[in-house]
Amino acid sequence: MSLAAACISTGHLPPAQRVQALVADAHARFKAIDDGKVADYIPALAAVPRDLFGVCVVETSGTTHEAGDTGHAFSIQSVSKPFVFALVCEALGEEVARARLGVNSTGLPFDSLLAIDRAEDGSTNPMVNAGAIAAASLAPGASADAKWRFIQDGLSRFAGRELELDRAVYASEAASNQHNQRIARLLQEHGRIYFDPLEATDVYTRQCALKVSTRDLALMSATLANGGVNPLTRERIIDGVCCQHVLAVMVTAGLYENSGEWLYDTGLPGKSGVSGGIVAVAPGKAGLATFAPPLDAAGNSVRGQLAARFLAERLGLNLFASEPSTP
Ligand code: DON
């Protein structure tokens, strides 16, 4: 066994044909579920058809399995957070990123102000809005435009193609994001934002309005499952250690106050967004992504969670699963 192999803890996916059949099965099983509410606090999101449903798995070999509306473009929203944290972690180093942003769970909703006040030092977690706005403020670059270019370029490299801004979604959220501006100002009171608070909020708002498909998200997630190397372009986006830290913050707060329930069900690092996307990362095996707009009360896609749980079980992805050794 090589030294590198001795430092990882992963198994194997079932054969490709079986993975494809299970992805199709997950789509067929849950497509008729109509529970949940499409987000409308960002007005442009309310117009998205509620029956859209895509499921995609990209193996670390690059082999892709998909079912449903996997090519449909939607705004990435909070699913951008782990990837921006990854880029910031890579640029600043993991200890600086931890010290500036915090890595503990908040146990609170994604847009909580209380989470900032409750931590003595005002730190939160880069998976919730406060920590994500602070992460955007740390993007390299002296101007908001430079920070935005760094983020757009980095997320595009994760996706293996140029990601574009959804201008309608950006304009809609920029006109209604007073709450995020309040979060940024509160971070400033605690010395926890590292650029002009309103400009940092604007960069974060643009990041959330990048257009992706379920297929893009699965490849981005597969890059995190593949030690930071994009399985299709073969480009190294972040180093392997940084990648581990990204997965750790996803586990602690990726599904906000429901992160424990999610982990109990899937045993995987995950991240959700209010437009209906979810990614889950099976280290060494695959990236999984789902898209279905109706959300539960915490802002997590209902059908997406069901499909992810089903696939985590059937594909054997749960990180906590083990078998007794043979004597
Ligand atoms: O900042 C916001 O409120 C949105 N741009 C993103 C929030 C989000 O996706 C939370 N996810 N479930």
Side-chain angles (χ1 to χ4, degrees), residues 36-46 48 74-85 105-116 124-137 148 151-152 155 163 165-187 193 197-212 214 217 220 249-250 252-259 261-262 269-280 289-305 308:
K37 186 174 173 297
V38 177
D40 58 6
Y41 77 99
I42 300 171
L45 296 186
V48 179
F74 56 95
S75 60
I76 188 169
Q77 298 301 336
S78 288
V79 180
S80 60
K81 289 168 177 166
F83 303 101
V84 173
F85 174 67
S105 65
T106 64
L108 289 166
F110 65 87
D111 57 354
S112 174
L113 287 161
L114 180 64
I116 306 169
T124 55
N125 182 297
M127 299 302 102
V128 302
N129 288 14
I133 295 169
S137 83
W148 162 240
I151 289 173
Q152 183 176 24
L155 265 58
L163 298 179
L165 187 69
D166 185 325
R167 293 189 181 279
V169 170
Y170 167 63
S172 176
E173 185 165 3
S176 59
N177 69 354
Q178 292 76 11
H179 185 76
N180 281 339
Q181 293 173 350
R182 265 201 298 281
I183 288 177
R185 284 201 211 91
L186 186 58
L187 286 170
I193 194 154
L198 295 186
E199 288 195 80
T201 306
D202 187 59
V203 172
Y204 163 80
T205 305
R206 282 191 252 179
Q207 136 194 347
C208 289
L210 275 173
K211 258 192 293 194
V212 290
T214 315
L217 288 186
M220 294 170 81
V249 292
M250 290 170 79
T252 51
L255 277 84
Y256 314 115
E257 68 272 38
N258 280 359
S259 297
E261 301 281 350
W262 162 269
K271 185 75 205 80
S272 64
V274 277
S275 49
I278 294 184
V279 292
T290 58
F291 170 60
L295 310 176
D296 67 14
N300 303 320
S301 168
V302 174
R303 255 176 269 144
Q305 289 178 88

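Quick note: numbers below take in every heavy atom, side chains included, and nothing from hydrogens, waters or symmetry partners. Just follow the structure's listing: the first ligand is 1, and inside any ligand the first atom is 1.
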Q: Please write down residue, atom name and distance for the protein heavy atom closest to atom 11 (N) of ligand 1.
A: Y256 OH, 3.0 Å
Q | Structural part of N180 in contact with ligand 1, heavy atom criterion under 4.0 angstrom | A | side chain
Q.
Quick test: of every protein heavy atom, which one is nearest to atom 10 (C) of ligand 1, and how far off is it to 0.1 Å?
A. S78 OG, 2.9 Å
Q.
Is it the case that the side chains of N177 and Y204 hold a donor-acceptor pair, with the cut-off being a distance below 3.5 Å and no angle test?
A. no
Q) Between N300 and ligand 1, is there a nitrogen or oxygen pair with a distance under 3.5 Å? A) no
Q: Among V79, V279, I278, N258, find the residue that satisfies the side-chain contact (heavy atoms from CB on, under 4.5 Å) test when tested with S272.
A: I278
Q | All side chain to side chain donor-acceptor pair (under 3.5 Å) counterparts of E173, not counting sequence neighbours | A | none
Q. Y256 vs F110 aromatic rings, parallel, tilted or perpendicular, using cut-offs 30° and 60°?
A. tilted
Q: Using distance alone, determine whether F110 and ligand 1 share an N or O pair under 3.5 Å.
A: no
(Q) Under a 4.0 angstrom heavy-atom cut-off, which atoms of ligand 1 come close to C208? (A) 5 (N)
Q: Pull out every atom of ligand 1 sitting under 4.0 Å from any heavy atom of Q77, numbered as shown with elements.
A: 4 (C), 5 (N), 6 (C), 9 (O)
Q | Where ligand 1 meets G273 - atom numbers and elements under 4.0 angstrom, heavy-atom basis | A | 9 (O), 11 (N), 12 (N)
Q.
So, regarding K81 and ligand 1 (criterion: nitrogen or oxygen to nitrogen or oxygen, under 3.5 Å), is there a contact or not?
A. no
Q.
Suppose I only count heavy atoms of Y41 and a 4.0 Å limit; which atoms of ligand 1 are within that range?
A. 2 (C), 3 (O), 4 (C), 6 (C), 7 (C)
Q) Does ligand 1 have a heavy atom under 4.0 Å from the side chain of H179, from its backbone, from both, or from neither? A) neither
Q) Side chains of F83 and M220: does their closest heavy-atom pair fall under 4.5 Å? A) yes
Q. Is any N or O atom of V274, backbone or side chain, closer than 3.5 Å to an N or O atom of ligand 1?
A. yes
Q.
Would M127 and T252 count as a side-chain contact (heavy atoms from CB on, under 4.5 Å) here? Give the steps.
A. CA-CA 9 Å; M127 299 302 102; T252 51; 5.8 Å; no
Q: Output the list of atoms in ligand 1 that are nearer than 4.0 Å to some heavy atom of E173, sorted by atom number.
A: 1 (O), 2 (C), 3 (O), 4 (C), 5 (N)
**Q.** Taking every non-hydrogen atom, the tightest pair across A174 and T205
**A.** N-CG2, 3.9 Å
(Q) The test is side-chain hydrogen bond (donor to acceptor under 3.5 Å, both in side chains); show your working for Q207 and S80 and say whether it passes. (A) CA-CA 7 Å; Q207 136 194 347; S80 60; 3.1 Å; yes
**Q.** Pairwise side-chain hydrogen bond (donor to acceptor under 3.5 Å, both in side chains) hits with a residue in residues 105-114, at least two apart
**A.** none
Q.
Is N129 close enough to touch ligand 1? Criterion: a residue heavy atom under 4.0 Å from a ligand atom.
A. yes
Q) Which heavy atom of the protein is the closest neighbour of atom 12 (N) of ligand 1, given with residue, atom name and distance? A) G299 O, 3.0 Å
Q) Got the closest protein heavy atom to atom 1 (O) of ligand 1, with its distance? A) Y204 OH, 2.7 Å
Q. Where is the tightest heavy-atom contact between I183 and I133, given as atom of each residue plus distance?
A. CG2-CD1, 4.1 Å
